[in-house]
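Beneath this line is the structure, given in structure tokens, with notes to follow.
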Amino acid sequence: MKILVTGALGQIGSELIDTLTDRYASENVFATDKKTNNQNFDCKFEKLDVLNYESIENIVTENNIDTIYHLAAILSAVAEEKPRLAWQVNMEGLKNVLEVAAKHDCAVFTPSSIGAFGPNTPKNKTPQDTIQRPTSMYGVTKVSGELLCDYYHTKFGVDTRGLRYPGIISNKTLPGGGTTDYAVEIYYEALKNGHYECFLEQDTQLDMMYMPDAIKAAIELMETPADKLTHRNAFNVTSMSVAPRDFANSIKEYLPDFTVEYKVDQTKQKIANSWPNSLDDSAATKEWGWEAEYDLDSMTKDMLDKLSVKLGIDFKIKE
Ligand code: NAD
Ligand code: SER
């Protein structure tokens, strides 16, 4: 397997690369991003703008790439500020990747999102197949991306697969401008300042997932034999359905003096209100054995543990 990753310096890519190089060997992984490399990847890295079709094609042909993890995108909050840029990167970038994949016989992994759903989608236990009428530009690009990936599969035979990721929590690279970024910031601020100003209301229920589960899901889906898949773009996956108040209470178990103030950002709140409270991910479990490992408490312990080391803060979990 020869793998190209786009958007490799982002929140997900910066951790996916390490798992891919461990699993498939460094010489089989090629990391790219529009930005200059700031990571110690154990594989080749080249700057690549996914809006440049020729550059993608050159990397694919010169390196015999057969699999593309396409992560380059604009996330929900930034997309709402810059909707035209979001359409360009999320749709033109994806179309370029799919065109190269069709021409050079590559498999393609593309994340979708809980953002692909909208206010008239069933809110609780949102089914795999249901109404998708998102109202944010991010959501419009995500549902269009799902359809485009399915189209390239049925029309051109490209092996396209995707996940509707919930908010991802991680401790290596900060998130890139999404509505769920609070769920990462809250851990940093709890350790650094003992206080956090949250931009969503305390009872805003959304699906979330810890990064090791997000990486595991992508790799397991891509390794599943094609004949096991009924769905492709994209599978609901989740680990927990939680609100800011739940994060605050979970952190307080280990940092009892931690406080949270709620100063709502109306643009982000409106986006969050249009997304499901909880996803039904039984299709992923049935078709490729998806199962999350982390819940809120095990994630909180691991986040506080790892972040305290990263930030040089004296902190030990008391069991
Ligand atoms: P991120 O914003 O952290 O990283 C995206 C990367 O893409 C950045 O490093 C950026 O430099 C790069 N990029 C932007 N424009 C580019 C271009 N024109 N050419 C090449 N690179 C470009 O995003 P992420 O969180 O790593 O998300 C990866 C994918 O997962 C996206 O499709 C996102 O929508 C999806 N997703 C993420 C989450 C989450 O919570 N992180 C949740 C659901 C879905
Ligand atoms: N975490 C992502 C965002 O908020 C969900 O797709 O944009």
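The chain is numbered in sequence order, starting from 1. These numbers come from the heavy atoms of this one structure, side chains and all, not from hydrogens, waters or symmetry mates. Indexing begins at 1, ligand by ligand and atom by atom, following the structure's order.
When each atom of ligand 1 is checked for a heavy atom of Gly167 under 4.0 Å away, the hits are 40 (O). When each atom of ligand 1 is checked for a heavy atom of Ala73 under 4.0 Å away, the hits are 5 (C), 7 (O), 14 (C), 31 (C), 32 (O). Shown in contact with Pro166 at under 4.0 Å from a heavy atom are these atoms of ligand 1, numbered in order with element: 40 (O), 42 (C), 43 (C). Ligand 1 places these atoms under 4.0 Å from at least one heavy atom of Ser112: 43 (C), 44 (C). Residue contact check: Leu48 has heavy atoms under 4.0 Å from atoms 19 (N), 20 (C) of ligand 1.
Between the CG atom of Asp49 and the CG atom of Asp33 there is a distance of 9.5 Å, given to the nearest 0.5 Å. Separating the CE atom in Met209 from the CG atom in Leu279 is a distance of 9.0 Å, to the nearest 0.5 Å. Atom OG1 of Thr6 sits about 5.5 Å away from atom CG of Leu71, to the nearest 0.5 Å. With values rounded to the nearest 0.5 angstrom, Thr61 atom OG1 is found 9.0 Å from Lys103 atom NZ.
For the ring pair (Phe, Tyr, Trp, His ring centres under 6.0 Å) test, residues two or more places apart in sequence or in another chain that qualify with Tyr294 are Tyr210.
Taking the six-membered ring for Trp and the full ring otherwise, the centers of Tyr188 and Tyr196 sit at least 6.0 Å from each other.
In terms of polar-atom proximity, Leu51 is not counted as a contact of ligand 1, lacking any N or O under 3.5 Å from an N or O of the ligand. Considering backbone and side-chain atoms together, Gln11 places an N or O closer than 3.5 Å to an N or O of ligand 1. Among the atoms of Ile12, some N or O lies under 3.5 angstrom from an N or O of ligand 1.
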So what's ligand 2 close to, N/O to N/O, under 3.5 Å?
unit_1: ligand 2; atom_1: 1 (N); unit_2: Thr180; atom_2: OG1; d: 2.6
unit_1: ligand 2; atom_1: 4 (O); unit_2: Ser76; atom_2: OG; d: 3.1
unit_1: ligand 2; atom_1: 4 (O); unit_2: Thr179; atom_2: N; d: 2.6
unit_1: ligand 2; atom_1: 4 (O); unit_2: Thr180; atom_2: N; d: 3.2
unit_1: ligand 2; atom_1: 6 (O); unit_2: Ser113; atom_2: OG; d: 2.6
unit_1: ligand 2; atom_1: 6 (O); unit_2: Tyr138; atom_2: OH; d: 2.7
unit_1: ligand 2; atom_1: 7 (O); unit_2: Ser76; atom_2: N; d: 3.0
unit_1: ligand 2; atom_1: 7 (O); unit_2: Ser76; atom_2: OG; d: 2.7

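Looking only at protein heavy atoms, the nearest one to atom 4 (O) of ligand 1 is Gly10 CA, 3.2 Å. The closest protein non-hydrogen atom to atom 33 (C) of ligand 1 is Tyr138 OH, 3.6 Å. Remark: minimum distance from atom 19 (N) of ligand 1 to any protein heavy atom is reached at Val50 N, 3.0 Å.
Ionic pairing of Asp302 and Lys306 is present here: one or more N-O contacts between side-chain nitrogen and carboxylate oxygen are shorter than 4.0 angstrom.
By heavy-atom distance, the residue among Gly145, Ala72, Gly7, Pro111 lying nearest atom 22 (C) of ligand 1 is Ala72. Among Ile74, Thr110, Leu71, Leu9, the residue whose heavy atom lies closest to atom 28 (C) of ligand 1 is Leu71. Of the candidates Asp49, Ile168, Asp33, Asp33 brings a heavy atom nearest to atom 9 (O) of ligand 1.
Asn90 places a side-chain heavy atom less than 4.5 Å from the side chain of Tyr138. Ile313 places a side-chain heavy atom less than 4.5 Å from the side chain of Lys192. Counting heavy atoms from C-beta on, the side chains of Lys142 and Met137 never come closer than 4.5 Å.
Test Asp66, Asn28, Asn64 against Lys2 for side chain to side chain donor-acceptor pair (under 3.5 Å) and you get one pass: Asn28. None of Phe109, Trp288, Trp290 except one satisfies the ring pair (Phe, Tyr, Trp, His ring centres under 6.0 Å) rule with Phe235; the exception is Trp288.
Pro111 approaches Tyr165 most closely through the heavy-atom pair CB-CD1, 3.6 Å.
Using a non-hydrogen distance threshold of 4.0 Å, Leu75 registers as a contact of ligand 1.
Contacts between Arg164 and ligand 1 below 4.0 angstrom, taking non-hydrogen atoms only, are absent altogether.
For Lys252 and Phe258, the positive end is not near the middle of the six-membered ring at less than 6.0 Å and at most 45° from its axis.
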